[in-house]
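Comments concern the structure below.
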Amino acid sequence: MKKKSLALLMSLLFVTSAIMSGCGGGKTAEKPETGTPETPAAKNEPFEMTIRHTQVGDAKKFRLALLEDVVKKTEAAVPGLKLNLDAVDSEVNRKEKLRGEMASGKPPEIFDVFGSPDAGVYAKEGLMLDLTPIIEELGIKDKFTLLDPFTHDGKVYGLPIGGSIEGIFYNKEYFKQKGLEIPKTIADLEKVAEAIKADGKIPFAQSSKDAWIPLMTTNNLWSYYAGPEFTYGFKTGESKWTDPKVVEGVKKHQEWVEKGYYKKGELGFEYADMRNQIISGEAIMMMDGSWANTVFRDPEQAGDMVGKIGFFNLPPVNEGDPVVVMQDANNGYGFSASIKDDPRKMEAVKEFIKNMWTDEMQLRGLKEDGVLPSMKMDVNTMNSTSDEPIMQDIFKAVSEIDKPYPAFDALVQAQVNTALSLGIQQVIGGEIDAAKMLENVQNVQEAANAEEK
């Protein structure tokens, strides 16, 4: 079992080693060794802990402010504590920095982490703190909507900071001016896209420099054509990437690229670029996570477009079919296993959790940052937090979901995620056909499955 889990850790580190060797470095700051348990005489002596977070840039400034308030409360409650915030881009943290630190056995005390598969792999190697007794002590274990991504062998190794869905943001004012309606099917959506293109606008804003962004569209399409449950079978071998229905879904994305539904050069665009495309009026629709609403509610970022952007679910293939949507609570905070040997750091962790995961903070995250709660919340309570049209659209979209599914990268191995990420960028760039790309991914999938046996 240890050998198997080590193989999984090495699979996560596969991308890291490739990236670091290509960058000619990848050094991370050395963390101080965890001290021995403090004596009573030293309980007020200063001590420091690091919080690795990914609240980087204007789009995440409200979430950063929330974290900073939690830090202040925690420091005030624990004598001598100083919490240092270490900001790192989400993709860099997940795919490079944290994996390297885990490999060396020296992660930060508190860190942003994905639940599945990352936290599970790190937990198997004994690198993450078991939070089960802490959340039981604090009485919040049963208050989360979903802890499965952070649960391994019945123990909880991380807590989701919020929930999200993926769908389409759109220019409501433009739709009204042109007499366009919210599409009920994929075919209807394509008719809307054609009308927008004919008007000289870009149907869909898109940035594909980071592959996870276009893969939101791809993932939703194959989940409609093959079914949302299909992705669960890749890791077990029950499903194949070469299945005709999966190919059909990915080819649909390829078709949209070939029809010019996206701005040329999307492979060179950063995440923020596609938001600017819709804010400037250059593009009319955009597939993104519900968390992006904070951009369109902020006058400093959206300008005159505040109040003019709406949201709807990507529609099904046929009218009346179940609405299938990525609904997730897979991103949160984890804690280093080394903390268990230091009573003062354990106290700090308990205070951090007590201050971060409250109804007040969940509602504040929803109201200020537009992040759906990760803790159980009455729908009416959520509605009461905001009367802004874009938030009401998102609440409505959540209520319309018939079949939620987790993002594919929570269900497949890291090397499969890497192969698909490279593959979709090759498809977008016209270097390879969707069917051939999926053959390549299937080969990687089979190799990854074999390694785990």
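Numbers for residues simply follow the sequence, beginning at 1. In what follows, every heavy atom counts, from backbone to side chain, and hydrogens, waters and symmetry copies are set aside.
From Ser208, atom OG reaches atom CD of Glu270 across 11.5 Å, with rounding to the nearest 0.5 Å. Note that the NZ atom of Lys197 and the CD1 atom of Ile284 stand 15.0 Å from one another [nearest 0.5 Å]. Distance check: Phe234 CZ to Phe408 CZ gives 10.0 Å after rounding to the nearest 0.5 Å. Of the inter-residue distances, the one linking Leu180 atom CG with Asn171 atom CG reads 10.0 Å to the nearest 0.5 angstrom. Distance CG/Asp273 to OG/Ser207: 5.0 Å, rounded to 0.5 Å. From Asp393, atom CG reaches atom CZ of Phe169 across 9.5 Å, with rounding to the nearest 0.5 Å.
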| request: Assess whether salt bridge (charged side-chain N to carboxylate O under 4.0 Å, His left out) is satisfied between Lys176 and Glu173, documenting all intermediate values. | output: CA-CA 5 Å; Lys176 185 177 180 180; Glu173 190 172 69; over 6 Å; no

| For Asp86 and Thr50, what are the C-alpha separation, side-chain angles and deciding distance, and is it a side-chain hydrogen bond (donor to acceptor under 3.5 Å, both in side chains)? | CA-CA 7 Å; Asp86 178 22; Thr50 296; over 6 Å; no

| request: Before giving the answer on side-chain hydrogen bond (donor to acceptor under 3.5 Å, both in side chains), spell out for Asn440 and Asn443 the whole-Å C-alpha distance, their side-chain angles and the decisive distance to 0.1 Å. | output: CA-CA 5 Å; Asn440 297 339; Asn443 290 335; 4.7 Å; no

| request: Give the intermediate values and the outcome of salt bridge (charged side-chain N to carboxylate O under 4.0 Å, His left out) for residues Lys61 and Glu300. | output: CA-CA 12 Å; Lys61 64 182 181 181; Glu300 291 185 11; 3.2 Å; yes

| Could you go step by step and tell me if Glu229 and Tyr405 meet the side-chain hydrogen bond (donor to acceptor under 3.5 Å, both in side chains) rule? | CA-CA 7 Å; Glu229 66 287 339; Tyr405 66 88; over 6 Å; no

| field | salt bridge (charged side-chain N to carboxylate O under 4.0 Å, His left out) between Lys396 and Glu400, intermediate numbers included | value | CA-CA 6 Å; Lys396 181 175 182 290; Glu400 292 172 348; 2.4 Å; yes

| From CA spacing to verdict: ring pair (Phe, Tyr, Trp, His ring centres under 6.0 Å), Phe175, Tyr170 | CA-CA 8 Å; Phe175 266 53; Tyr170 73 107; 4.7 Å; yes

| Evaluation steps, side-chain hydrogen bond (donor to acceptor under 3.5 Å, both in side chains), between Glu452 and Gln413 | CA-CA 10 Å; Glu452 294 184 7; Gln413 299 92 330; 3.2 Å; yes

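Using modelled atom types and a 3.5 Å distance limit, the side chains of Tyr224 and Asp321 yield no donor-acceptor pair. Judged by distance alone, the side chains of Tyr261 and Gln206 never bring a donor and an acceptor atom under 3.5 Å apart.
A 6.0 Å sphere centred on NZ of Lys367 holds no more than 12 heavy atoms belonging to other residues, nucleotides or ligands. With a 6.0 Å radius and a threshold of 12 heavy atoms from other residues, nucleotides or ligands, Lys252 has its NZ atom above the threshold. The 12-atom threshold is exceeded at NZ of Lys259, counting heavy atoms of other residues, nucleotides or ligands nearer than 6.0 Å.
Of the options Gln277, Lys201, Lys263, a side chain to side chain donor-acceptor pair (under 3.5 Å) to Glu282 is made by Lys263 and by none of the others. In summary, of the residues considered (Leu221, Thr217, Ile213), a side chain to side chain contact (heavy atoms under 4.5 Å, CB included) with Met287 occurs for Thr217 alone. Tyr333 pairs with exactly one of Phe114, Phe352, Tyr157, Phe111 by the ring-ring contact (aromatic ring centres under 6.0 Å, His included) rule, that one being Phe352. Among Ile390, Ile394, Val398, the single residue meeting the side chain to side chain contact (heavy atoms under 4.5 Å, CB included) criterion with Ser290 is Ile394.
No side-chain heavy atom of Asp243 sits under 4.5 Å from any side-chain heavy atom of Val247. Contact annotation: the side chain of Lys143 never approaches that of Ile135 to less than 4.5 Å [non-hydrogen atoms, C-beta and beyond]. Under the 4.5 Å side-chain criterion, counting only non-hydrogen atoms from C-beta, Met356 is not in contact with Val71.
Taking the ring centroids of His253 and Tyr262, they lie under the 6.0 Å cut-off.
Residues forming a ring pair (Phe, Tyr, Trp, His ring centres under 6.0 Å) with Tyr225 (at least two apart in sequence, or on another chain): none.
Classification of Arg94 and Asp112 as a salt-bridged pair fails, no side-chain N sitting under 4.0 Å from a carboxylate O.
When atom types are taken as modelled, the side chain of Asp433 and the backbone of Ala435 share a donor-acceptor pair closer than 3.5 angstrom.
The aromatic rings of Trp222 and Trp241 sit perpendicular, their planes meeting at an angle over 60°, well past the 30° parallel limit. Relative orientation of the Tyr271 and Trp212 rings is perpendicular, given thresholds of 30° and 60° on the angle between their planes.
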